[in-house]
K.L.:
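Here it is, the structure in full.
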2 protein chains.
Amino acid sequence: MTDTAPQRRARARTKRPPTILDVAAHAGVSRGTVSRVLQGGHNVSPGAREAVDAAIRKLGYVVNRAARSLVTQRAGSVAFLLSETQDRFFSDPNFTTLLRACTTALADHDLPLILITAGTEAERRRITPYLSAHHVDGVLLFSSHRGNPMIGHLRQAGLPFVCCGKPLGQRGTLSYVAADDREGAKNMVRHLLESGRERIATIAGPQDTPGGLERLHGYRELLTEHGIAHDERLVAVGDYSRASGEACMRELLGRVPDLDAVFVASDLMADGALAAIQRAGRRVPDDIAVGGFDDSPVAAAAHPPLTTIRQPWDRISAMMVRQLLAQIDGEGPATVILPTELVVRESA
Amino acid sequence: MTDTAPQRRARARTKRPPTILDVAAHAGVSRGTVSRVLQGGHNVSPGAREAVDAAIRKLGYVVNRAARSLVTQRAGSVAFLLSETQDRFFSDPNFTTLLRACTTALADHDLPLILITAGTEAERRRITPYLSAHHVDGVLLFSSHRGNPMIGHLRQAGLPFVCCGKPLGQRGTLSYVAADDREGAKNMVRHLLESGRERIATIAGPQDTPGGLERLHGYRELLTEHGIAHDERLVAVGDYSRASGEACMRELLGRVPDLDAVFVASDLMADGALAAIQRAGRRVPDDIAVGGFDDSPVAAAAHPPLTTIRQPWDRISAMMVRQLLAQIDGEGPATVILPTELVVRESA
DNA sequence: CTGAAAGCGCTTACAG
DNA sequence: CTGAAAGCGCTTACAG
């Protein structure tokens, strides 16, 4: 019974891929030597090394990660853990920026990124055994709320992790990477002041998040440094959504009709503020200057384009990955604060 | 030499997790029996089963996935493969919706989602060996461009995959799940017609994508069915970006000042169109009705909120996962087309 | 620098 | 229904 062409092809396709043993046979060396070449080629003679490399290319050999993991006791992958109410983070324009940057940074280290969401208690319960069993070597943790229980789980599991942004309401030292929120806020308010604005309001972010807190601190600190008295009527607090930006702006305009500038703690909220201002028949920046925060994609797309503070997402992501790898290799925790940058467009 | 407390804790933390052997010892059965319980408990007596379950709970046993993979020859994970120019897809509001829905659908099957980007030729080259080595059991493929070479790679690797949307420029049968673009477009244009509009323009998507093509076909088909002659001046083609929507709308208004409605092939472009219309001093929907497509987050946030066609992302994702699992289990390819839904808001 | 061999933690025929 | 045993594909001391 002769095979038909399709049958032969089908069998060839499902044929077991070459193993280290096939490579060893082709190269005329032992399994151990092939493995040593795979590990970087230390303690291998140039000749053996070349023979192995040639065999690998010829056979199209790719290491079996499961087998490697089993012996090295390492998963060979890292989790991108979103421990946030899903809607909130997924609708955040910064999220995709971060996700992309982390994927790229990890790919450079040949580490697949496993995306895990754990916004609810039920999800956290489901994912905890997975993490405790060290099915990943480490975790990039994205969560902005005070007292996230996920952090306790990760600590208990002894799993290396690095947070994006300063985790609030945690005791002890934790690794995290963050932008310099306070300094960024101060730079924006200074910019508004230096361009001649005198009644500067602010729309802060949620006060249980580091960005919400620190950017408001920065706003107050800078005004104080310039001898400007506090006026709480100039402060509104949103939830980072576009709708809340719009509502806060309406509120501020009602309370302080003669305000001439507003520093908004996120671009998305700033975009909402823009709508409220225009709806009120005021012009940006002529009547009211608007400064955002993030330099997310919405900033450039806004009308007018937003002057904002750029968060260095690429650097934040790369640093998170670097810190995580260091921790996986046994290093202790570290805090990394990265500077922001004022991006001047048309809104202020 | 007595250990200090921290040392003891450190050792306890890095202690090897329990294996199937520990469970077997605790339950007083053999390794094989524990494994059978893990596989669903067939051919295991109730007593043995209970003893094993108790031991598992007591020890906090979690299966070692690497060991399992090694023997089952399955990776136990699935890739979410973004084979699209990164900027384009990551800035698409539908992307996060899809990503979230797929993560959830896979989690229900205890399959981790591995996020992989392969927008450039260099990335594709890097990722191909990983896929060919079956480091994932299957691929959810997101790519909208004609003739994506990734599809050839996946076929060659014999790796099960399901596409999101109909892949253009491919021969042979492929599994894909898509919304009924043409019917959706027809529904929107019908809605515009029935609400009394007479000069209906359209902003289509890129003509090398199924959505760009099919929605334009639907527009034309519906008009023809209603005996309305083609007028190519009423057709503009964008690239799905907000900016292109704005530019196309400006173009259309210049060419046909008396148009009274526009069907836009994506919400993001529709949002841009809104800006162009308002900038031209026309009102929506009073002067011009605007219909979008997607029902992405921008639709509800637009001013005025967009009337649009809802893509059933949750169903699309769930179906993609279901089809993929079926293929992994040996089933052949299938095409799934899901109906869309007209969502009436204020813009039309 | 190299090979032989143990062992990582599972699953799965195979006997019984 | 159950146990003993082979084997998945690697890495890594250990000798030499």
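Note that this is a predicted model, so its numbers are computed, not measured. Letters A, B, ... are given to chains in the order of the sequence lines, protein chains preceding strands, and every chain is numbered from 1.
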K.L.:
Identify the heavy atoms of B:Ala101 and B:Ser317 that sit nearest to each other, and give their distance.
P.N.:
CB-OG, 3.2 Å
K.L.:
If you write DNA chain C from 5' to 3' in dot-bracket form, with Watson-Crick or G-U pairs under 3.5 Å, [ ] for crossing pairs and | for pairs with another strand, what do you get?
P.N.:
|||.||||||||.|||
K.L.:
More than 12 heavy atoms of other residues, nucleotides or ligands under 6.0 Å from CZ of A:Arg322: yes or no?
P.N.:
no
K.L.:
Mark up nucleotides 11-16 of chain D, 5' to 3', with B wherever a protein heavy atom is under 4.0 angstrom from a base atom, S wherever such an atom reaches only the sugar-phosphate, and - elsewhere.
P.N.:
BBB---
K.L.:
Under 6.0 Å from the CZ atom of A:Arg49, do we count more than 12 heavy atoms belonging to anything else shown?
P.N.:
no
K.L.:
Quick one: closest heavy-atom pair of B:Asn43 and B:Arg36, and the distance?
P.N.:
O-CD, 4.2 Å
K.L.:
Give the nucleotide from the list D:dC1, C:dT2, C:dG9 with an atom nearest to the side chain of A:Leu70.
P.N.:
C:dG9
K.L.:
Could you tell me whether A:Asn64 contacts a base, only the sugar-phosphate backbone, or nothing, with contacts defined as non-hydrogen atoms closer than 4.0 Å?
P.N.:
sugar-phosphate
K.L.:
Could you tell me whether B:Lys58 and B:Asp22 have a side-chain N and a carboxylate O separated by less than 4.0 Å?
P.N.:
no
K.L.:
Looking at every strand, decide which applies to B:Ala66 at a 4.0 Å heavy-atom threshold: base, sugar-phosphate, or nothing.
P.N.:
nothing
K.L.:
With a cut-off of less than 4.0 Å, is there a side-chain N or O of B:Ser45 near OP1 or OP2 of D:dT2?
P.N.:
yes
K.L.:
Check the phosphate of D:dG3 against B:Ser30, side-chain N and O only, distance under 4.0 Å to OP1 or OP2. Yes or no?
P.N.:
yes
K.L.:
Nearest 0.5 angstrom please: A:Ile151 CD1 to A:Tyr176 OH, how far?
P.N.:
11.5 Å
K.L.:
So which atom in B:Ser143 and which in B:Ser83 form the shortest heavy-atom distance, rounded to 0.1 Å?
P.N.:
CB-O, 3.4 Å
K.L.:
Quick one: do A:Asp110 and A:Arg65 make a salt bridge, cutoff under 4.0 Å?
P.N.:
yes
